[in-house]
Participant: 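Have a look at this one before I ask anything.
All values below were derived from every heavy atom in this structure, side-chain atoms included, with hydrogens, water molecules and symmetry-related copies excluded.
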Amino acid sequence: MSKNQLATFEKCYRIDLTRKFPVAAALLWVAVSDAEQIAAWMQFPVELEARLGGAIHINFGRQGAIEGTVCDLEAPFLFAYTWGDSFVKWKVSGDLEHSELEFSHIGVKRELAKGLAAAWHGFLDQLEAYLAKEELPANRFQHWSQEYAKLSL
């Protein structure tokens with residue numbers, strides 16, 4: 001590559017989902033930042049070193065695994081890590097009775113955007129049921145995949 005050759009660019013996407021929960025913010029925080037609880041509502045094995053520079057590993061079985069590094073951790077409000085070559089951020093706010101989650105997946109490649117949006121939407125459905133102590137819904141990926149397929153990027 002010549003020093004005069006210009007850089008190439010790739011358009012990336014950002015997935016944002018917001019949910020409100022009728023639980024204390026502290027309970028929501030633990031649900032999104034503790035390996036055992038994440039594994040319980042995601043329904044996949046999770047390994048997590050909850051510290052800056054710590055590793056996160058989620059094994060999706062036949063779909064493969066994702067490895068990341070914790071790059072922001074401000075308990076009990078902000079948890080962020082790399083997700084392959086992208087970035088996932090969980091922002092928690094609220095009080096003793098209500099909480100809100102602002103979720104972002106940043107730097108998503110176009111060809112993965114709709115599928116990841118459907119997957120995260122389904123995972124947040126499972127998180128909602130988990131926090132309500134309800135039976136976790138069946139895999140909602142197919143349902144949300146059909147909905148997101150209708151959107152244009």
Side-chain angles (χ1 to χ4, degrees), residues 12-149 151 153:
C12 292
Y13 291 81
R14 176 181 173 137
I15 299 165
D16 290 309
L17 294 162
T18 301
R19 293 280 178 103
K20 294 183 181 200
F21 302 96
V23 299
L27 291 176
L28 176 58
W29 170 256
V30 173
V32 301
S33 64
D34 176 80
E36 284 184 31
Q37 290 202 32
I38 297 168
W41 59 264
M42 272 190 132
Q43 298 183 302
F44 291 102
V46 175
E47 296 174 27
L48 170 63
E49 298 172 76
R51 60 173 176 75
L52 285 178
I56 183 167
H57 177 91
I58 303 174
N59 184 348
F60 293 104
R62 292 188 320 226
Q63 291 84 20
I66 194 75
E67 304 264 347
T69 302
V70 176
C71 47
D72 204 348
L73 183 62
E74 298 175 36
F77 307 108
L78 182 64
F79 180 41
Y81 46 87
T82 59
W83 181 276
D85 57 0
S86 57
F87 181 75
V88 170
K89 180 171 73 171
W90 306 83
K91 186 176 177 187
V92 174
S93 60
D95 55 33
L96 294 174
E97 295 180 12
H98 300 92
S99 54
E100 181 173 284
L101 174 65
E102 294 175 50
F103 169 85
S104 298
H105 192 154
I106 304 160
V108 175
K109 293 181 180 174
R110 182 177 195 269
E111 64 270 16
L112 300 176
K114 291 180 183 182
L116 283 169
W120 284 119
H121 204 131
F123 282 138
L124 293 186
D125 288 351
Q126 291 171 204
L127 173 60
E128 185 174 4
Y130 176 79
L131 290 169
K133 299 185 185 324
E134 298 172 354
E135 184 176 334
L136 297 183
N139 185 329
R140 305 270 294 151
F141 178 73
Q142 290 302 329
H143 167 77
W144 289 118
S145 290
Q146 293 171 2
E147 294 300 312
Y148 282 100
L151 301 176
L153 295 179

Participant: So, taking the atom named OG in S33 and the one named CG in L48, what distance separates them when rounded to the nearest 0.5 Å?
Facilitator: 7.5 Å
Participant: Can you confirm whether S99 sits close enough to W29 that some side-chain heavy atom of one is under 4.5 Å from a side-chain heavy atom of the other?
Facilitator: no
Participant: Which atoms form the tightest heavy-atom contact between F141 and G115, and what is the distance?
Facilitator: CE1-O, 3.3 Å
Participant: In chain order, what residues pass the salt bridge (Lys or Arg N to Asp or Glu O under 4.0 Å) check against E47, with sequence neighbours excluded?
Facilitator: none
Participant: Dump the intermediate steps for side-chain contact (heavy atoms from CB on, under 4.5 Å) on T69 and I56, then the final yes or no.
Facilitator: CA-CA 6 Å; T69 302; I56 183 167; over 6 Å; no
Participant: Taking atom CD of Q63 as the centre, does the number of heavy atoms from other residues, nucleotides or ligands within less than 6.0 Å exceed 12?
Facilitator: yes
Participant: What are the two closest heavy atoms between A80 and F87, and how far apart are they?
Facilitator: CB-CZ, 3.5 Å
Participant: Is there a side-chain contact (heavy atoms from CB on, under 4.5 Å) between Q37 and Y130 once you walk through the steps?
Facilitator: CA-CA 9 Å; Q37 290 202 32; Y130 176 79; 3.3 Å; yes
Participant: Using a strict 4.0 Å threshold on nitrogen-to-oxygen distance, state whether E128 and R19 make a salt bridge.
Facilitator: yes
Participant: Check step by step if side-chain contact (heavy atoms from CB on, under 4.5 Å) holds for E97 and V23.
Facilitator: CA-CA 5 Å; E97 295 180 12; V23 299; over 6 Å; no
Participant: Heavy-atom count check: over 12 atoms from other residues, nucleotides or ligands less than 6.0 Å from L96 CG?
Facilitator: no
Participant: I want to check something: taking the side chain as every heavy atom from C-beta on, are Q43 and Q126 in contact at a cut-off of under 4.5 Å?
Facilitator: yes
Participant: Which pair of non-hydrogen atoms, one from I106 and one from S86, has the smallest distance, and what is that distance?
Facilitator: O-CB, 3.2 Å
Participant: Quick check: W90 with W83 (ring centres under 6.0 Å apart)?
Facilitator: no
Participant: At their closest point, which heavy atom of L28 faces which heavy atom of V92, and how far apart are they?
Facilitator: CD2-CG1, 3.9 Å
Participant: Is there side-chain contact between E100 and T18, with at least one heavy-atom pair below 4.5 Å?
Facilitator: yes
Participant: Taking CD in E111 as the centre, count heavy atoms belonging to other residues, nucleotides or ligands within less than 6.0 Å. Is the count above 12?
Facilitator: yes
Participant: Below 4.5 Å, heavy atoms only, C-beta onward: do L17 and L101 meet side chain to side chain?
Facilitator: no
Participant: Check whether any side-chain heavy atom of N59 sits under 4.5 Å from a side-chain heavy atom of F44, and report yes or no.
Facilitator: no
Participant: Would a 4.5 Å heavy-atom cut-off, applied to side chains only, mark H57 and I66 as touching?
Facilitator: no
Participant: Hey, does V88 have a side-chain heavy atom less than 4.5 Å from the side chain of W120?
Facilitator: yes
Participant: Roughly how far apart are K89 NZ and D16 CG, rounded to 0.5 Å?
Facilitator: 8.0 Å
Participant: Please give me the minimum heavy-atom distance between I38 and V32, naming the atom from each residue.
Facilitator: CD1-O, 3.5 Å
Participant: Closest approach of T82 and C71, non-hydrogen atoms and distance?
Facilitator: N-SG, 4.1 Å
Participant: Considering only heavy atoms from C-beta outward, does the side chain of F21 approach that of L127 to under 4.5 Å?
Facilitator: yes
Participant: If you round to the nearest 0.5 Å, how far is NE2 of H98 from OG of S93?
Facilitator: 12.5 Å
Participant: Between CD of E102 and CG of L78, what distance do you get to the nearest 0.5 Å?
Facilitator: 10.0 Å
Participant: Enter the distance from Y81:OH to L73:CG here, rounded to the nearest 0.5 Å.
Facilitator: 12.0 Å
Participant: With under 30° as parallel and over 60° as perpendicular, where do the rings of W144 and H121 fit, or are they tilted in between?
Facilitator: parallel
Participant: Any salt bridge between E49 and R51, counting N to O under 4.0 Å?
Facilitator: yes
Participant: Stepwise, does the side-chain contact (heavy atoms from CB on, under 4.5 Å) test hold for R110 with Y13?
Facilitator: CA-CA 6 Å; R110 182 177 195 269; Y13 291 81; 3.3 Å; yes
Participant: In Å and rounded to the nearest 0.5 Å, what is the CZ to OG distance from R14 to S104?
Facilitator: 4.0 Å
